[in-house]
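Just below is one structure, and these are the notes that go with it.
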Amino acid sequence: MLRHIVFFTAKDPAERETILHALRRLGEIPHSLAFEVVANGKIDPYGNDIDIVVYGEFADEAALAAYKAHPIYDETTRLVRPMRELRYSADFRSTLS
């Protein structure tokens with residue numbers, strides 16, 4: 001299984017909810033085994049810069065590529081990009097059984 005995690009920060013804190021709402025639309029895209037978009041709980045004592053976390057699980061790289069090729073992905077990216085400051089992404093194969 002491939003895990004896909006993306007971290008976002010908002011340029012303007014007032015737009016966090018708008019970004020969160022927009023990113024949740026990604027959950028309508030097929031191809032993921034699990035998918036969620038949440039606000040960062042910001043409870044870490046060393047760093048709480050990230051505002052929003054997108055988490056998805058995919059069967060393989062082909063499923064992730066199909067997800068990213070979906071029109072909703074493009075629409076959401078165009079909407080969110082101007083409102084975000086940072087975007088960090090990580091993809092990895094799970095070693096958990």
Correct closest heavy-atom pair for Ile52 and Leu20 would be CD1-N, 3.6 Å
Would you check if Met83 and Lys11 make a side-chain contact, meaning some heavy-atom pair closer than 4.5 Å? no
Looking only at heavy atoms, the pair that brings Thr9 and Asp49 closest together is CG2-O, 3.1 Å
Beyond-backbone contact of Val53 with Phe7, side-chain heavy atoms, under 4.5 angstrom: yes
Atom pair CD/CD1 of Glu17 and Ile19 - distance to nearest 0.5 Å: 10.0 Å
So with a 6.0 Å cut-off around CG of Asp91, is the heavy-atom count from everything else above 12? yes
May I ask you to decide if Ala10's main-chain N or O and Asp51's side chain share a donor-acceptor pair within less than 3.5 Å? yes
Nearest-0.5 Å distance that lies between atom NE2 in His31 and atom CD1 in Ile29: 8.0 Å
State, with a plain yes or no, whether a side-chain heavy atom of His21 is found less than 4.5 Å away from one of Thr18. no
Tell me, yes or no, whether the heavy-atom count around Phe92 atom CZ, taken from other residues, nucleotides or ligands under 6.0 Å, exceeds 12. yes
Nearest-0.5 Å distance, CZ of residue Arg81 to CZ of residue Arg87: 8.5 Å
Glu75 bridged to Arg78 by N-O distance under 4.0 Å: no
What side-chain donor-acceptor pairs closer than 3.5 Å can you find for residues 55-73, not counting sequence neighbours?
residue : atom : partner : partner atom : Å
Tyr55   : OH   : Arg3    : NH1          : 2.6
Tyr55   : OH   : Glu57   : OE2          : 2.4
Glu57   : OE2  : Arg3    : NH1          : 3.4
Asp60   : OD1  : Ala62   : N            : 3.2
Asp60   : OD1  : Ala63   : N            : 2.9
Glu61   : OE1  : Arg93   : NH2          : 2.8
His70   : ND1  : Ile72   : N            : 3.1

Of all the heavy-atom pairs spanning Ala22 and Thr76, show the shortest one and how long it is. O-CG2, 3.6 Å
Atom of Val6, atom of Ser89 and distance for their closest heavy-atom approach: CG2-OG, 3.8 Å
Distance-only check: which donor-acceptor pairs under 3.5 Å involve side-chain atoms of residues 32-41, not counting sequence neighbours?
residue : atom : partner : partner atom : Å
Asn40   : OD1  : Lys42   : N            : 3.2
Asn40   : ND2  : Ile50   : O            : 2.7

